[in-house]
Amino acid sequence: MLKFILRRTLLMIPQLILLSLVIFMLAKAMPGDAITGAFMGNPDATPEQIEKIREKFGLNDPWYVQYGRWLGKAVQGDFGMSYTHQQPVTTLIAGRVENTVLLSLFTAIMIYLIAIPLGIIAGRWTDSWADKLIVTYNYVAFATPTFVFALLMLFVFAFVLGWFPYTGSVDIKIESGTWAYMVSRAEHLVLPVMSGAIIGTVGTIQYLRNDIIDQKTKEYIKTARAKGVPEGRVYSRHILRNSLLPIAAFLGYEITGLIGGSVFIETIFSYQGLGQLFIQSINLRDFTVVTALVLISGTAVVVGTMLSDIILSLVDPRIRIE
Amino acid sequence: MKNPVLEIKDLRTSFNIKGDYYAAVDGVSITVHENEVVAIVGESGCGKSALALSVMGLHEQKNTKLDGQVNFGGQNLLTLTRSRLDKVRGKDIGMIFQDPMTALNPLATIGRQIEEPMDYHMKLSASEKKKRTLELLRRVGIKNEQRVYEQYPHELSGGMRQRVVIAIALACDPVLLLADEPTTALDVTIQAQIMDLMKELQNQMKTGIILITHDLGVVAEMADRVVVMYAGEVVEIADVKELFENPLHPYTRSLLNSIPSNMESKEKLHVIDGIVPSLQNLDRNGCRFAPRIAWIPQEDHEETPEMHEAAPNHFVRCSCYKTFYFPEDRVGEREYVATNS
């Protein structure tokens with residue numbers, strides 16, 4: 001088991017190198033560089049001076065030297081300076097990472113809290129009114145874009161009813177570290193989390209429902225019933241264990257996938273997270289930030305896939321590699 | 001005669017197809033005695049598996065209608081609530097399934113799966129359960145039982161898995177075993193091993209067995225009594241020796257005639273005309289086998305075919321057996337046109 005995890009972790013290294021290479025190439029392929037941005041059109045800068053600065057910053061070196069330098073720094077957590085914010089990219093990201101992690105984590109938890117019971121009800125009592133209701137919700141939610149639903153939530157619960165704040169991640173007047181501060185953070189999280197979860201959960205519900213319906217017809221379920229296993233146990237011990245397998249396997253992927261993925265939600269709720277920073281940076285052509293964020297979310301996906309593989313190998317004996 | 005263990009009386013199992021109910025098992029009555037092996041034979045679709053699943057209450061309830069009686073241990077299984085039925089299944093009746101590749105839960109160890117019925121039917125401690133399970137594994141011919149106990153189904157071969165399926169059925173010392181084509185999904189050498197095992201177990205355990213199969217070789221080897229089913233009905237019941245020596249019903253005779261008997265002969269293999277009609281297309285009036293023996297005149301069949309005791313303990317349905325013949329035996333004697341209706 002340990003050997004498998006180790007091997008799977010080592011496999012990540014070439015994936016990450018490839019990812020960083022692609023991102024670096026894309027960044028290089030974009031027109032202009034840091035110097036053109038800073039000095040172009042400045043009448044005091046002669047072409048000789050610009051050339052000198054280029055040489056000084058190593059921009060005339062071959063691409064692989066530049067790549068090596070960039071990667072070396074990135075590994076140490078140095079992604080350079082943000083042009084628009086005039087502070088290191090790392091500092092900029094660090095200030096937002098907590099917000100995004102909180103949002104992603106609670107959204108993921110909410111997704112499973114909704115999906116597992118609803119999926120089980122719909123799958124176990126197929127064609128009942130409860131199932132029909134859940135399936136209808138699925139279709140409607142599937143067809144609703146997140147940003148439309150988030151705006152609706154914002155309008156109803158923040159604007160009309162006024163139950164929750166409609167912007168930011170915390171009330172700025174409250175001192176950090178106090179109980180009131182925590183409560184304020186939680187209040188600010190409710191709408192973004194619910195908007196993301198209510199829409200994001202439908203795939204999982206549908207998957208679980210269909211898998212339960214599929215497992216129900218399997219021969220080993222007949223074996224279980226023929227053993228005299230009560231119906232409740234047939235579900236909990238046989239059907240659900242098999243049906244939750246793919247869901248569990250998706251867990252790692254889902255959690256890390258959310259880290260870069262809450263662009264809409266963060267933007268609509270003006271929630272100070274990485275997604276919002278990403279969109280702002282793209283609009284401002286702040287490419288050091290964009291590159292760093294793409295690298296981070298890309299890494300998150302690679303790590304997530306690895307987590308999924310490890311989870312699956314833990315829960316499914318057929319995949320266990322000795 | 002020994003005590004009856006199971007009495008099936010006029011069992012009718014109907015399935016809902018597009019709003020109407022069609023009987024797949026149509027008024028079947030069979031009695032199984034202690035220590036008796038009753039084989040149920042017939043083509044695919046004749047209702048033999050549906051019969052076994054009806055006895056066990058394993059049909060999907062929503063689209064199935066069960067009528068008649070399945071008397072076992074002083075109660076009619078068809079009228080029991082689910083929780084009462086669960087006290088019988090796996091304890092007094094064990095079931096062996098057809099396909100060992102799918103009959104085991106892929107996520108549970110072999111040990112767990114054999115112990116599961118004991119959880120519900122026997123008051124045993126964990127160590128007693130394990131001891132019993134290891135003993136069962138040995139009894140079904142698994143030699144490295146300690147290892148297999150910890151293994152998962154995918155680590156075992158088909159023959160080994162079928163042994164495990166048998167061990168599950170035997171876990172709580174049932175008085176009746178239902179074996180639904182226990183060797184069909186296995187390859188020939190393994191089939192023989194499993195059949196030997198079943199025979200050996202039957203000799204030791206003295207349980208009643210219902211053996212569902214379409215393999216007449218298996219029937220000859222194992223059964224005491226044979227029930228031949230066609231299109232949901234019993235067409236012939238006889239002791240195994242009697243049935244093979246003196247088959248009466250045209251269907252039974254056709255089945256026996258379809259076995260290639262002599263490897264060297266270049267004779268054409270006998271084929272029964274037509275197929276078993278589907279549930280919706282089955283004509284339920286008159287002799288159901290009549291369309292497949294079209295050369296027998298209609299007046300030789302009964303209008304509502306009944307079971308007749310043609311010889312002591314040898315029952316046969318419809319009167320058409322009296323005049324039935326194979327056309328190839330009488331080429332030239334009488335004109336006939338083969339039809340595939």
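Just so you know, these numbers use all the heavy atoms, side chains as well, and skip hydrogens, waters and symmetry mates. In what follows, chains are A, B, ... by sequence order, proteins preceding strands, each numbered from 1.
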Side-chain heavy atoms of A:Ile311 within contact of A:Phe250, under 4.5 Å: no

Contact origin within A:Leu245 toward chain B - heavy atom pairs under 4.5 Å: side chain

Gap between atom CD1 of A:Ile121 and atom CD1 of A:Ile205 - 0.5 Å precision: 10.0 Å

For B:Leu85, which atoms come within 4.5 Å of any heavy atom of chain A: side chain, backbone, both, or neither? neither

Heavy-atom nearest pair, B:Tyr152 first then B:Ile110, reads C-CD1, 4.3 Å

Can you tell me which portion of B:Thr102 sits under 4.5 Å from chain A's heavy atoms? Options are side chain, backbone, both or neither. both

Heavy-atom proximity to chain A below 4.5 Å, by part of B:Leu107: both

Bottom line for B:Lys62: the part with an atom under 4.5 Å from chain A's heavy atoms is side chain

Side-chain contact test, heavy atoms from C-beta onward, threshold under 4.5 Å: evaluate it for B:Gln162 versus B:Ile96 and give yes or no. yes

Between the side chain of B:Arg138 and the main-chain N/O of B:Glu145, is any donor-acceptor distance below 3.5 Å? no

Report which part of B:Arg112 has an atom under 4.5 Å of a heavy atom belonging to chain A: side chain, backbone, both, or neither. side chain

Quick one: what part of B:Gln113 sits under 4.5 Å from any heavy atom of chain A, side chain, backbone, both or neither? both

Most heavy-atom pairs under 4.5 angstrom with chain A, which of B:Ser83, B:Gly57, B:Pro117? B:Pro117

So what's closer than 4.5 Å to chain B heavy atoms on A:Gln215: side chain, backbone, both or neither? neither

Report which part of A:Lys218 has an atom under 4.5 Å of a heavy atom belonging to chain B: side chain, backbone, both, or neither. neither

Taking the side chain as every heavy atom from C-beta outward, state whether B:Arg163 and B:Leu197 have any pair of such atoms under 4.5 Å apart. yes

Heavy-atom side-chain proximity of A:Phe106 to A:Met110 below 4.5 angstrom: no

Between B:Glu36 and B:Gln202, the two heavy atoms sitting closest are N-NE2, 4.3 Å

Heavy-atom proximity to chain A below 4.5 Å, by part of B:Asp99: neither

